[in-house]
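To keep things clear, I will list the structure first and then write my remarks on it.
Sequential numbering from 1 along the given sequence is applied to the chain's residues. Predicted, not measured: the structure shown is a model, and the values here were computed from it. When a ligand or atom number is given, it counts from 1 through the structure's own listing order.
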Amino acid sequence: MSPVIAIDGPGAAGKGVIARYLAERLGWRRLDSGALYRAVSLSLLRADLVHAGETRIAAQLARHPPELGSAPDGEAIYLDGEDVSAAIRSEEVGVAASVVAPLAAVRDFLLPTQRSFRKAPGLVAEGRDMASVVFPDALLGIYLTASPEERARRRHKQLKQKGINANMRDLIRDLSDRDQRDSARSLAPLKVVPHAVVLDTTKLDIRQTRRKAWRLVTKVCPEKAAR
Ligand code: DC
């Protein structure tokens, strides 16, 4: 089986940036599992099924599965042939994703898609349950986190760059509501598994975080240390 590096943690902790960096440096594939949950949530929002029963939700997902682009990192994501890569990034879709993510109908539906990303030479997978459920045999698990205020600040900056206006107070509230839902659910809750290394980035900039993450990788893949 190809090796997997699992990066888990709460929203806006910097998982995407670090996963992209490690995947690029290793020459491995990347999986943004949150994008799949967001695409499912967009599909359910559009069909007005976010609060429907699991049977109707399962039927909608079977009829309208999100599809990942052919790029090795699956960067683009499609719904019924429409590129929804930008549409899934809104806060509304992120909040709805954390509402539907606890459902077995959604998690069971996405499990095989996520595992299908595991191909040679390796995979860097980011999400909430990468080390606990999807890839429990990961070579390395990193739990990336930061304080809620710092994560809200980063998300604010990210949204501003995309021309989206957001209020800091609303962002802090949305992020902590999502943390609460992601951690409290009974199926695949967000948690630190015993074999994961916690990396708190509250006081670290991107370069420092990259350096620390790379050091963890070279501990498990010493042959990469020289690169
Ligand atoms: O990482 P993100 O903010 O794009 O994820 C959006 C939501 O999707 C998150 O609040 C919970 C859910 N999610 C999940 O339950 N499991 C994953 N592996 C990834 C995301």
Side-chain angles (χ1 to χ4, degrees), residues 4-20 30-45 50 54 57 61 66 68 73-77 79 84-118 123-136 138 141-146 148 150-152 154-159 162 164 166 170-193 196 201:
V4 176
I5 291 173
I7 304 182
D8 291 302
K15 300 187 297 289
V17 177
I18 296 304
R20 213 167 290 132
R30 183 175 78 91
L31 166 66
D32 173 5
S33 62
L36 288 170
Y37 282 90
R38 283 169 177 266
V40 157
S41 129
L42 180 64
S43 167
L44 297 173
L45 274 170
V50 171
E54 296 213 33
I57 286 182
L61 299 185
L68 289 152
D73 62 359
E75 202 72 70
I77 189 152
L79 259 185
V84 293
S85 318
I88 60 168
R89 294 296 155 196
S90 75
E91 276 305 290
E92 185 198 8
V93 171
V95 169
S98 80
V99 172
V100 298
L103 304 175
V106 171
R107 304 206 79 81
D108 292 351
F109 176 80
L110 290 178
L111 192 58
T113 311
Q114 296 173 84
R115 289 194 172 144
S116 73
F117 271 71
R118 185 177 199 165
L123 175 70
V124 180
E126 51 152 312
R128 303 290 188 288
D129 60 342
M130 297 298 99
S132 58
V133 175
V134 184
F135 305 108
I142 300 178
Y143 187 90
L144 205 67
T145 189
E150 177 59 20
R151 289 187 286 122
R154 291 176 192 171
R155 178 59 49 92
H156 187 260
K157 197 171 151 200
Q158 225 175 36
L159 291 171
K162 287 183 193 156
I164 303 172
D170 292 349
L171 278 178
I172 294 178
R173 194 202 50 225
D174 282 357
L175 276 170
S176 62
D177 286 355
R178 278 171 59 188
D179 288 355
Q180 170 62 20
R181 275 196 294 274
D182 293 348
S183 313
R185 67 188 183 212
S186 55
L187 277 180
L190 172 65
K191 63 174 180 189
V192 186
V193 294
T201 69

Please set out all donor-acceptor pairs under 3.5 angstrom arising from side-chain atoms of residues 33-40, sequence neighbours excluded.
{"unit_1": "Ser33", "atom_1": "OG", "unit_2": "Glu126", "atom_2": "O", "d": "2.7"}
{"unit_1": "Tyr37", "atom_1": "OH", "unit_2": "Arg107", "atom_2": "NH2", "d": "3.1"}
{"unit_1": "Arg38", "atom_1": "NH1", "unit_2": "Ile88", "atom_2": "O", "d": "2.8"}

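Listed by chain and number, the residues in a side-chain hydrogen bond (donor to acceptor under 3.5 Å, both in side chains) with Asp174 amount to none (sequence neighbours excluded). By the side chain to side chain contact (heavy atoms under 4.5 Å, CB included) test, Glu92 is found to be paired with Leu45, Ser90, residues two or more places apart in sequence or in another chain being considered.
Nearest heavy atoms, Met130 versus Ala6: CB-CB, 3.7 Å. Taking both residues in full, the closest heavy atoms of Pro148 and Leu175 are given as O-CD1, 4.4 Å, listed atom of the first, atom of the second, then distance. Residues Arg155 and Gly11 come closest through the heavy atom pair NH2-C, 4.3 Å.
Using a heavy-atom distance under 4.0 Å as the criterion, the protein contacts of ligand 1 are Ser33, Gly34, Tyr37, Arg38, Ala97, Ser98, Ala101, Arg107, Gly127, Arg128, Asp129, Met130, Arg178, Asp182, Arg185.
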